[in-house]
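What follows is a short report on a single structure.
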There are 2 protein chains.
Amino acid sequence: MADVAGVAGVSHQTVSRVLNGLPNVREGTRERVLEAIDQLGYRRNRAARALVTARTSTIGILTVGSEFFGPQSTVLAVEAAARARGYFVSVTSLERYDADSALVALNHLVDQGVDGVVVVAPLELVTEAIDDAALSLPMVVVAARPDVPAADPVQYVFVDQRSGARQATDHLLGLGHRRIVHVSGPVGWFDAAERLRGWRESMAAAGCDAVEAAAGDWFAASGFEVGTRLARQVSAGEATAVFAANDYLAIGLLRAFWEAGLSVPDDVSVVGFDDLQSSAFFIPALTTVRQPFAEVGRTALAALLDGADAPGAPHVLTPSLVVRGSTGAPRAS
Amino acid sequence: MADVAGVAGVSHQTVSRVLNGLPNVREGTRERVLEAIDQLGYRRNRAARALVTARTSTIGILTVGSEFFGPQSTVLAVEAAARARGYFVSVTSLERYDADSALVALNHLVDQGVDGVVVVAPLELVTEAIDDAALSLPMVVVAARPDVPAADPVQYVFVDQRSGARQATDHLLGLGHRRIVHVSGPVGWFDAAERLRGWRESMAAAGCDAVEAAAGDWFAASGFEVGTRLARQVSAGEATAVFAANDYLAIGLLRAFWEAGLSVPDDVSVVGFDDLQSSAFFIPALTTVRQPFAEVGRTALAALLDGADAPGAPHVLTPSLVVRGSTGAPRAS
DNA sequence: ACGAGTTATGTTAGCGCTAACAAATAGTGG
DNA sequence: CCACTATTTGTTAGCGCTAACATAACTCGT
């Protein structure tokens with residue numbers, strides 16, 4: 001910076017002023033400074049700036065370290081939103097799914113001096129770890145947590161999973177299905193719990209028994225495994241539709257039903273959740289629930305940067321049902 | 001740090017020594033310092049440290065900002081490898097796929113003072129932008145670039161896409177197929193170009209005509225569109241197998257063939273590339289090529305941190321074919 | 001027990017920047 | 001044309017840390 005000041009014939013402070021866009025710099029001076037900067041290829045040292053301002057212009061993202069569609073999409077959206085607002089983004093993922101890992105990851109970000117943290121890890125143990133950590137750092141959690149502590153300084157942003165599940169279930173009910181099984185996601189995940197709850201609510205409202213089949217994780221292999229069992233229930237007339245907690249599980253289901261010689265949607269309807277890029281091309285095309293990830297990203301960042309002092313109610317966004325070929329009226333019995 | 005020194009009854013320098021694990025600190029002193037740190041909940045200021053050491057312990061990752069399986073998996077792997085080695089990771093993605101965006105993104109990282117950059121954006125225009133930028137920063141590019149400039153200070157790490165394509169094609173040839181169409185990925189992507197080339201090599205070696213069908217992007221929708229056309233060729237006996245540039249395209253193909261009433265693999269064999277989590281559950285299960293992403297991540301990071309001064313030959317990893325139900329011998333004609 | 005050789009600790013300076021204040025210059029009304 | 005205000009520029013200090021050097025405190029061998 002001293003070099004730039006020398007070339008431009010001003011003091012380093014004036015250079016700083018130009019760089020920060022402060023007023024009270026004559027136009028001619030500003031131009032000379034910018035010229036000198038350009039000529040010398042000068043770049044401001046962010047560490048020194050951070051040291052004196054006590055702000056790093058960096059936000060941390062804590063995410064589950066896997067290829068889950070929802071979290072992954074959210075992270076991308078937050079990153080894009082942050083970049084658009086001139087922030088740097090530091091990403092850290094969970095090594096394992098336990099409270100210890102969550103704290104390690106959180107500390108990793110705090111050590112880095114981030115100005116705020118967006119948590120994209122909709123796991124109960126992560127939010128618990130955060131509650132315990134009680135950091136004095138602006139923090140936004142993207143997770144459909146139903147019981148946000150009242151005085152929690154942390155802000156919540158999420159897509160209403162329960163609403164999505166109700167839309168999916170109501171769609172099936174509307175087609176005439178009564179025996180709708182839910183293949184639920186793994187325990188400990190808010191999204192799984194909320195989708196399960198939404199399904200239960202709709203089933204209860206319709207006066208139907210809610211029979212659940214739990215999948216061990218979010219992947220197609222689990223969906224297939226559960227689907228193999230469900231195929232027998234379908235054949236026995238014990239189920240006419242399945243609502244899967246996500247599209248990967250639905251892939252496994254479709255496959256299992258196909259292997260069992262069952263036709264979707266003639267013998268059994270299937271609904272997923274997430275709307276993958278390729279869900280429209282499954283066999284058959286999958287009816288599913290789409291989430292507004294880009295909006296989640298923007299909202300989360302806005303909450304973090306602008307609403308630092310306004311925890312208040314969580315920001316809830318609404319998903320929408322996408323009806324395709326995997327659902328139809330139940331076979332007249 | 002001064003506070004800690006006060007509590008421990010030592011100078012701030014001794015605290016610094018303890019923190020950095022330097023020798024020549026008596027055990028008792030070290031313990032007192034650690035105790036004081038713990039008691040005060042002290043955290044070292046990274047900005048100040050970065051200022052004086054001129055190193056940020058942060059590496060930047062430049063990636064395409066989309067949900068592509070390969071890049072996404074690679075980023076996760078690099079992040080995990082970096083964390084394991086105590087580095088912070090700053091991620092930036094391309095706003096658009098043009099040279100300008102690439103430079104903006106690269107500058108964004110440089111401005112941040114990263115110690116090195118890993119580029120996970122296997123696009124020609126990105127490597128060109130990097131060549132032009134000629135930054136004096138350790139840099140590793142994860143891209144199957146066939147013509148790495150000799151004196152390039154940038155290191156390359158990649159999975160041998162050509163080998164994967166040859167394995168896929170040779171598998172089909174071995175089954176007896178002669179008319180094997182390749183559905184190629186979008187132009188401008190190294191992976192697409194290399195897979196195309198590998199397929200051509202194998203076809204040429206077998207003395208077969210290589211008929212290509214270009215997809216506009218990497219997604220299932222394009223695969224479906226191309227597949228609709230290919231279905232007619234298959235019916236006309238002009239093709240007996242299709243090698244898709246990735247699994248998403250393959251999904252679209254499977255769907256198109258299904259709609260056309262063609263059986264896979266009886267009427268036409270299909271091979272993909274990437275081995276998605278769910279590829280084993282497609283209908284039929286997809287024969288595809290699996291890439292060692294975790295190894296790519298580790299190798300890239302090792303190259304960045306350890307081999308700063310040894311550009312040399314690119315680090316090439318090898319993918320492996322996974323044979324499943326979507327391939328079989330051609331129908332005897 | 002004394003000095004040479006080690007090892008442990010303290011002192012000083014400065015990394016590059018911005019905040020706060022001081023000085024200089026330009027602008028304005030009487 | 002001068003006193004006075006508004007604007008522009010310069011000067012100084014210090015953010016929290018580490019490198020380099022200075023000093024103090026221990027070892028030992030003789």
Side-chain angles (χ1 to χ4, degrees), chain A residues 1-58 86-88 107 110-115 136-137, chain B residues 1-58 86-88 107 110-115 136-137:
Chain A
M1 192 178 251
D3 296 350
V4 173
V7 170
V10 297
S11 75
H12 65 136
Q13 180 59 272
T14 299
V15 176
S16 171
R17 273 191 270 261
V18 170
L19 244 24
N20 290 321
L22 294 181
N24 297 342
V25 177
R26 206 176 304 159
E27 194 47 43
T29 313
R30 159 170 283 119
E31 274 164 24
R32 258 184 304 134
V33 169
L34 290 174
E35 208 169 292
I37 288 175
D38 204 52
Q39 181 189 325
L40 270 58
Y42 165 79
R43 309 187 98 111
R44 173 160 51 176
N45 181 319
R46 241 171 59 86
R49 189 175 154 78
L51 180 57
V52 67
T53 59
R55 299 187 351 99
T56 54
S57 300
T58 300
Y87 273 76
F88 300 96
N107 276 326
V110 173
D111 281 344
Q112 200 167 164
V114 295
D115 292 345
S136 59
L137 199 68
Chain B
M1 192 178 251
D3 296 351
V4 172
V7 170
V10 297
S11 75
H12 65 139
Q13 180 59 268
T14 299
V15 176
S16 172
R17 272 192 270 261
V18 170
L19 245 25
N20 290 320
L22 294 181
N24 297 344
V25 178
R26 206 176 304 160
E27 194 47 42
T29 313
R30 159 169 284 122
E31 273 164 24
R32 260 185 302 135
V33 169
L34 289 174
E35 208 170 290
I37 288 174
D38 203 51
Q39 181 189 326
L40 271 58
Y42 164 80
R43 310 187 93 112
R44 172 160 52 178
N45 183 317
R46 240 172 60 84
R49 189 173 152 79
L51 180 57
V52 68
T53 59
R55 300 187 350 98
T56 54
S57 301
T58 300
Y87 273 76
F88 300 97
N107 277 325
V110 173
D111 281 343
Q112 201 168 163
V114 295
D115 292 345
S136 60
L137 198 67

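Side-chain atoms are counted along with the backbone in the values below, which use heavy atoms only and exclude waters and symmetry mates. In what follows, every chain begins at residue 1, and chains take the letters A, B, ... in the order their sequences are listed.
Of the two residues contacting DNA chain D, namely B:Y42 and B:R17, the nearest-nucleotide position lying further toward the 5' end is that of B:Y42. Between A:T14 and B:R43, the residue anchored closer to the 5' end of DNA chain D is A:T14, taking for each the nucleotide with the nearest heavy atom. Take the nearest nucleotide of DNA chain C for B:V52 and for B:S11: the residue whose nucleotide is more 5' is B:S11.
Residues satisfying the salt bridge (Lys or Arg N to Asp or Glu O under 4.0 Å) criterion with B:R26, sequence neighbours excluded, are absent altogether. Among residues two or more places apart in sequence or in another chain, the salt bridge (Lys or Arg N to Asp or Glu O under 4.0 Å) test is passed with A:D111 by B:R43.
A:T29 and A:R17 are not linked by any side-chain donor-acceptor pair at a separation below 3.5 angstrom, with hydrogens and angles left out of the test.
Taking CD1 of A:I37 as the reference point, atom CZ of A:R44 lies at 8.5 Å (rounded to 0.5 Å). Note that CZ of B:F88 is 11.0 Å distant from OG1 of A:T58, once rounded to the nearest 0.5 Å. We find the OG1-CZ distance between B:T53 and B:R46 to be 9.5 Å, quoted to the nearest 0.5 Å. Remark: B:L40 CG to B:E35 CD distance equals 11.5 Å, nearest 0.5 Å. The OG1 atom of B:T14 sits 10.0 Å away from the CE atom of B:M1 when rounded to the nearest 0.5 Å. B:T56 contributes atom OG1, which lies 12.0 Å from atom CG of B:L51 (distance to the nearest 0.5 angstrom).
Among all heavy-atom pairs drawn from A:R30 and A:V25, the shortest one is NH1-O, 3.8 Å. Summarising the geometry of A:A50 relative to B:A47, their closest heavy-atom pair is CB-CB, 3.7 Å, with the distance given to 0.1 Å.
For the segment residues 44-51 of chain B, the set of residues with a heavy atom within less than 4.0 Å of an atom of DNA chain C comprises B:L51, in numerical order. For the segment residues 21-31 of chain B, residues with any heavy atom less than 4.0 angstrom from an atom of DNA chain C are, sorted by number, B:N24, B:V25, B:R26, B:T29.
Protein chain A contacts DNA chain C over a range whose 5' and 3' limits, counting nucleotides with an atom under 4.0 angstrom from a non-hydrogen atom, are C:dG16 to C:dA26.
With hydrogens and angles ignored, the 3.5 Å screen pairs a side-chain donor or acceptor of B:R32 with a backbone N or O of B:A8.
Rounded to an integer number of Å, the gap from A:H12 NE2 to D:dT11 P is 8 Å. Atom CD of B:Q13 is separated from atom P of D:dA24 by 17 Å (rounded to the nearest Å).
In the helix from C:dA1-D:dT30 to C:dG30-D:dC1, the rotation axis of the first five pairs and that of the last five pairs differ in direction by 30°, rounded to 10 degrees.
The side-chain heavy atoms of A:V7 and A:D3, taken from C-beta on, include no pair separated by under 4.5 Å.
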